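Indexing begins at 1, ligand by ligand and atom by atom, following the structure's order. Heavy-atom basis, side chains included; hydrogens, waters and symmetry copies ignored. None of these values were measured; they are calculated from a predicted model.
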Amino acid sequence: MPDDFERMWSDLAPIGRSTESGGYFRQPFTGAERELDAWFREQATARGLRVETDEIGNVVAWWDAGSGAGVLTGSHLDSVLDGGAYDGPLGVVSALAAVDELRQRGFVPARPIGVSVFVEEEGSRFGLACLGSRLATGAVSWDVARELRDRDGRAFADVVAGGASTLLDGVGTFVELHVEQGRDLVDRGAAVGVASEIWPHGRYRFDFTGEANHAGATRMEDRADPMLAYATTALAADEQARLAGQRATFGRLEVAPNGTNAVPSRVTGWLDARCSSDDALAELVAEVTRHGTERASRDGTALSVTPESVSGAVAFSSDLAAAIAADHGDRDWPIIPTAAGHDAGILSAAGVPTAMLFVRNPTGVSHSPAESATVPDCHAGVTALADTLERLAG
Ligand code: HGY
Ligand code: MN
Ligand code: MN
């Protein structure tokens with residue numbers, strides 16, 4: 001198994017990697033991500049797995065064995081801009097390596113085992129998180145998804161064939177292995193953990209509009225500068241999140257016309273909010289919006305807020321999590337929450353019994369080139385996944 005995992009990992013390492021930052025640019029349906037997709041299909045075919053795809057680009061490779069509803073495992077191959085190596089690919093490579101390990105154990109599944117890759121999990125191109133799994137589960141319709149546009153204005157319908165997906169029809173259970181995006185396992189001294197829940201979270205476009213004007217000739221009292229309400233809002237988001245024990249980020253900004261010597265006409269910022277409950281999420285967004293609207297009215301500018309991607313709270317099946325976490329040598333694997341979204345959350349919300357396995361990340365950092373996992377911990381993750389698949393498909 002070790003050489004399989006490390007061989008596959010070294011195959012992927014250079015694909016979409018920036019020579020400057022060492023981070024990854026694997027946006028959906030672009031060169032690097034399509035290279036990964038082709039690599040996955042080759043690996044699946046080489047293992048005699050039956051590859052199925054839907055009209056959106058999601059892929060499932062089936063180990064046809066036994067009968068009944070299948071056990072699906074997998075993750076995603078797309079990345080955020082300048083992302084880490086592990087977020088997504090670790091779950092896909094570990095799933096293939098877990099199939100190898102089960103075969104080396106002589107395990108014969110009593111039900112089919114599938115390895116999945118869902119497209120556009122990050123929502124980094126078309127703005128809706130977990131777009132592939134939302135379409136595969138019907139959480140979003142093709143009619144809505146087809147209109148989503150990327151930053152160049154290209155519609156999703158121009159990129160994929162599109163239509164309803166039946167890819168998950170034979171799926172009974174889903175298990176996603178993912179690098180931990182935080183330090184909980186580091187602090188607990190555990191290589192592997194199990195997810196208890198995913199915090200509700202959302203992405204909201206804040207459009208601040210004002211009046212373009214000359215940066216020199218316009219007196220301060222004569223301006224309607226939208227940058228001021230944006231700046232107030234970003235500070236308010238930080239303060240409100242800290243006060244409420246939640247999370248808020250403005251990580252993406254567009255300024256029009258983005259000139260050095262002109263008061264801008266428009267400033268657009270995207271708020272990413274993550275909260276411990278659905279109510280707390282609604283309250284935080286409302287409070288941040290209130291601060292922005294107040295400042296805008298003072299400046300004679302305007303604010304409109306558009307939710308672009310909202311994911312409700314997900315509580316994984318505690319029985320399934322406990323069963324998976326139990327009986328592993330000296331102690332059970334910790335069962336921990338996450339504020340990072342995942343395809344597992346979408347399948348769980350669609351009623352598929354779902355679990356997540358986390359692999360320790362020594363830096364705890366994610367959505368950054370600094371994201372990391374050690375080879376021994378990755379091997380521990382593969383074995384944990386193989387054990388879990390044996391338990392579920394045995
Ligand atoms: O944004 C998230 O939480 C996930 O990494 N897609
Ligand atoms: Mn991510
Ligand atoms: Mn991910």
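Taking the ring centre of Trp270 as origin, the terminal cationic atom of Arg252 falls inside the region bounded by 6.0 Å and 45° from the ring axis.
On a distance-only criterion, Gly341 and ligand 1 share at least one N/O pair closer than 3.5 Å. By the 3.5 Å distance cut-off applied to N or O atoms, His201 is not counted among the residues near ligand 1.
A salt bridge between Arg203 and Glu308 is absent, with no side-chain N of the basic residue lying under 4.0 Å from a carboxylate O of the acidic one. Look at Arg391 and Asp387 and you find no salt bridge, because none of the NZ, NE, NH1 or NH2 atoms lies under 4.0 Å from a carboxylate O.
The nearest heavy-atom contact from the protein to atom 5 (O) of ligand 1 is His367 NE2, 2.9 Å.
For the residue pair Ser75 and Glu176, the shortest heavy atom distance occurs at OG-OE2, 2.6 Å.
The Mn ion (ligand 3) does not have His342 among its coordinating residues (no N/O/S atom, backbone or side chain, under 2.8 Å).
The nearest N/O/S atom of Glu122 to the Mn ion (ligand 2) is OE2. Take the N/O/S atoms of Asp87: the one nearest the Mn ion (ligand 3) is OD1.
Numbered from 1 in the order shown, with element, the atoms of ligand 1 that lie under 4.0 Å from a heavy atom of Ala340 read 3 (O). Ligand 1 places these atoms under 4.0 Å from at least one heavy atom of Glu121: 4 (C), 6 (N). Remark: ligand 1 atoms within the under-4.0 Å shell around heavy atoms of Arg203 are 1 (O).
Among Arg274, Gln181, His76, His342, the residue whose heavy atom lies nearest to atom 1 (O) of ligand 1 is Arg274.
If you check the side chains of His367 and Asp87, you find a donor sitting under 3.5 Å from an acceptor. Checking Arg274 against Thr338 by side-chain atom types alone, no donor-acceptor pair falls below 3.5 Å. Side chain to side chain, Thr268 and Asp207 meet the donor-acceptor criterion of an N or O pair below 3.5 Å.
Atom CZ of Arg290 sits in a crowded spot, with more than 12 heavy atoms from other residues, nucleotides or ligands closer than 6.0 Å.
Geometry at the Mn ion (ligand 3): NE2/His178 and NE2/His76 form an angle of 110°, nearest 10 degrees.
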